[in-house]
Amino acid sequence: MPEKPIKGEKRYFMTGNEVVAYAAVMANAEIMYGYPITPQNEIMHYWTRMAPKYGKEFLQTEDELSAGFTTVGGVLAGRRAFTATAGPGNTLMQEPISMAEAMRLPIVVVVQQRGGPSTATVIYSQQEVTLTTLGGNGEGFRVVYSTANHQELFDYTIKAFNTAWKYRFPTFVLGDGYQAKMRESLTMYDPEERGLKMVPTEAYVGKPGVPGIDRPPGQYRNTYNVEEEIHEVVQQYTKEFNAIAPEVAEYESFGTEDADLVIVSHGVVYRAVKEAVSELREAGMKVGYFRPITLRPLAEKELKEMAGRAKALLMAESSVGQMTRLVKEVIYGATADIHTLYKPGMGISAEDVAARVRSIL
Amino acid sequence: MSVQVAMPKSWRVDTKPHKFCPGCGHGLVLKAMGEAIDELGIQGKVVYGCDIGCSLLSWDLFNVDTIQTHHGRTTPVITGVKRANPQVIGIAYMGDGGGYAIGSQHLVNAAARNERITVILVNNTQYGMTGGQMAPTTMPGQKTETSPYGRDPEKTGYPTQGPEMVAAITREGAYVARATVAKPKQMKDFIKKALENQISGGGFSFVEVLSTCPTNWRTNAEDTWNFVEKEMPKYFKVGEIKVPETLHKEGK
Amino acid sequence: MAKAVKIVLAGEGGQGVQSVAEIIAEAANEEGREALYIPNFGVEQRGGVSVAFLQIGDQAVGSPKFNTADIVIALSERAVRRTSQYVGPDTVFVYDSGLQGIEDDIPKNARKVLAIPALQVASDELTPRVFNIIIMGAVVKATDVVTEDRAKDAIEKKLGYKFEKNPKLRDLNYKAIDRGAELVAALL
């Protein structure tokens, strides 16, 4: 059995869903659980085509509740397990994810955002930011990477498994229908050939030895009897998450030092912003950008510094302000004017961004 | 009736006495399960999942690896574990609400896929943990907190026939039975077979156990046993429904 | 920074606009250029107008969809109406001269409007099945995003297995590319 589908580094031209399936195989993911929903279906399609060739498993479940909970089971068994979903499936998925948060289980979930609320469109949006970063009842902690292109889909899918298993927080790759369905080039590689070590997995249950004789039983719960117990657990998780946040948080920025206006965006919209900023700079306008790669945790220190310096901010996203809400909380107290370019459920082009900037400056 | 024998070896001594109410049937079912685990020598291989509801009180009852899951979701969690590591013996333990209401789609689909897991479902005709609401298994005329004048089958249907349903949707290799805490020897036999079937690589194994809840039934000892022994079997027929050829059928 | 060429191709389901866009995108990628192809998809793709968005340039492409195309090719009456939103003062608008009842729908703001008899050429000279390949030839000629030879290589890659069995198909497809290119060249 060949170990991996990719040897060396090679340029490919394919859809984002295909990229995710390859990345999962290259990250040594062992089992995928999933339920059909557009626009993530092809992740399952490509995974199931590769699975028997590389000793991987797949289970198609009865719904996303089951897809999430079987993924939880796979991780408890000590396997690099993942699932993928979108839209209404993401809503159902929040229940198993909250169990993963409560028990610090390193599940990996790929979300390809579609329009909402409800069934809406199967096409595209950035309307699953709130659900993906903050979904679930109570207060759980998770890491969310928002990708912008196929190279990042590949890189961050691999990274998601390592982040999850290193820190034991559920980890997300937040894409969208555009990234899922479009074709563009990227370079795929074997992470280990690049010296990127996959963080080893570890079984929670089904370890060698008889519990109570050779070892204590592994007993995991998410139910507590008294207020003090859950208070202590959440306090502890909060402390641990805050401690790792600075090393997990990632962002990109350009031209924010001298900018009259800094455009904040994430995911695929960042492509339009980058393109527009380059054009506007050529036209002599002092415009910069800040792009959070992790939507949770956000790069708080850098965001605060940037917003403290900037005269004005422009929030651009394909929703009515889901990213903006997260950012505003972090930059509270900054005096920069906040402008918005919200296109819920629709793509944002470089032309849209440039036109909005010209209307402000 | 008093059952006071030694604890199964696979029970965790330091978490006893267990947390169930006096007269609750869970202790009896879990004792039978513990003995079956002992007799089959699988303590080191079992991954035990318990649901939300009174079943969650068993999260540290055994000296086996245990996952306390969400309401209705024990079947998919154990399915996920078993699919990822087929070497383990997966047991999903739940109540009638967890199995037949909120988790019914998981039960149906795990059964239809013939998942190699063992599901033990305790039927005490109501939701115990939440204070005695009507369940899919509540008996016609039975008073609960949400059927205070008695369950009216015209409005809320008849008690769910779980094992019959599971038997109808599983194929060869499945083991399906209904036991009762009123017949402990038979109950242990059924649970043991449901585990043996998984060990030998058979199909889905399912045992519903008729059980007691004097707390929410508001019954004394005599009425409790009368209900489980006389009333419940009127709707819930005790016995084996589907037995793979590899396992001998009871009484043969 | 040289901007990417932005192309919108639209037609009825079955006219093959998506495969044309995909083949051109792959041909450009093979040449080491940066291509981004995204279909419209979703509920609309069932029984609606099929639209392909294609961008080809020398640097990483920006947003996957765009407001105004450099060239729009509309292959059905409905496609003409559906794609007028992507036309601006710098856009070349191409449509099939055989389309009926669209006179009022042809965009007035385009830089250039080209009517090409692709359907007619396909049925008279070649076969209706290579209609989309004629369109591919026209797109390649009008945009210069890849050479005609590279377009042929890309077709070979995609349909080579069919050509092995029936070499006449190869000639037919290559001719379709050439004819498509000629139709546009005559008007540019």
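Sequence lines set the chain letters: A, B, ... in the order given, protein chains first and strands last, and positions in each chain run from 1. Because the structure is a prediction, the values reported are computed rather than measured.
Contacts with chain A were tallied for B:Asp14, B:Ile78, B:Val47; B:Val47 has the most, counting heavy-atom pairs under 4.5 Å. The greatest number of non-hydrogen atom pairs below 4.5 Å with chain A, out of B:Ile52, B:Thr69, B:Thr74, is found for B:Thr69. With respect to chain A, the highest number of heavy-atom pairs below 4.5 Å among B:His106, B:Arg113, B:Gln87, B:Gln43 belongs to B:His106. The choice from A:Asp214, A:Val72, A:Thr70 that makes the most heavy-atom pairs within less than 4.5 Å of chain B is A:Thr70. Between chain A and the options B:Lys45, B:Arg12, B:Lys82, B:Lys9, the largest number of non-hydrogen pairs under 4.5 Å is found for B:Arg12. By number of non-hydrogen pairs under 4.5 angstrom with chain A, the leading residue of B:Asp60, B:Asn85, B:Val13, B:Val81 is B:Val81.
Here the OG1 atom belonging to A:Thr61 is positioned 10.0 Å from the CD atom belonging to B:Gln105, to the nearest 0.5 angstrom. Interatomic distance, CZ of A:Arg221 versus OG1 of B:Thr66, reported as 12.5 Å (0.5 Å rounding). Considering CG of A:Leu59 and OG1 of B:Thr79, their distance stands at 7.5 Å, rounded to 0.5 Å.
Heavy atoms closer than 4.5 Å to chain B are found nowhere in A:Asn225, neither backbone nor side chain. When heavy atoms are compared at a cutoff of 4.5 Å, B:Ser10 does not approach chain A at all. Heavy-atom distances place no part of B:Ile42 under 4.5 Å from chain A, backbone and side chain included. Proximity to chain A involves both the backbone and the side chain of B:Ile67, based on heavy atoms less than 4.5 angstrom apart. Heavy atoms of B:Val77 lying under 4.5 Å from chain A belong to its backbone as well as its side chain. Contacts between A:Glu30 and chain B at a heavy-atom distance below 4.5 Å are absent for every atom of the residue.
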Requested in this report: Could you give me the CA-CA distance, side-chain angles and deciding distance for A:Glu57 and B:Arg83, then say whether salt bridge (charged side-chain N to carboxylate O under 4.0 Å, His left out) is met?
Outcome: CA-CA 8 Å; A:Glu57 296 290 332; B:Arg83 288 272 179 162; 5.7 Å; no
Query raised in the report: Where do A:Leu65 and B:Arg73 land on the side-chain contact (heavy atoms from CB on, under 4.5 Å) test, with the steps shown first?
Result: CA-CA 8 Å; A:Leu65 290 164; B:Arg73 317 302 176 210; 3.6 Å; yes
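The number of heavy atoms from other shown groups lying within 6.0 Å of CD (A:Gln236) is above 12. Around the NE2 atom of A:His45, the shell of radius 6.0 Å holds more than 12 heavy atoms that belong to other residues, nucleotides or ligands. The local environment of CZ in A:Arg215 is crowded, with over 12 non-hydrogen atoms from other residues, nucleotides or ligands closer than 6.0 Å. Open room surrounds CD on A:Glu139; 12 or fewer heavy atoms of other groups in view lie less than 6.0 Å from it. Counting non-hydrogen atoms of other residues, nucleotides and ligands closer than 6.0 Å to NZ of B:Lys16 gives a total above 12. Counting heavy atoms of neighbouring residues, nucleotides and ligands inside a 6.0 Å radius, atom CD of A:Glu229 exceeds 12 of them.
When all heavy atoms of A:Pro211 and B:Gly44 are compared, the closest pair comes out as CD-CA, 3.7 Å. Between B:Gln68 and A:Met103, the shortest heavy-atom distance links the atoms O-CE, 3.8 Å. In this structure, B:Ala84 and A:Arg79 approach most closely via the heavy-atom pair O-NE, 2.7 Å.
In this structure, B:Asp65 contributes its side chain and A:Pro217 its backbone to no donor-acceptor pair below 3.5 Å. Remark: the backbone N or O of B:Val64 is paired with a side-chain donor or acceptor of A:Gln219 at under 3.5 angstrom.
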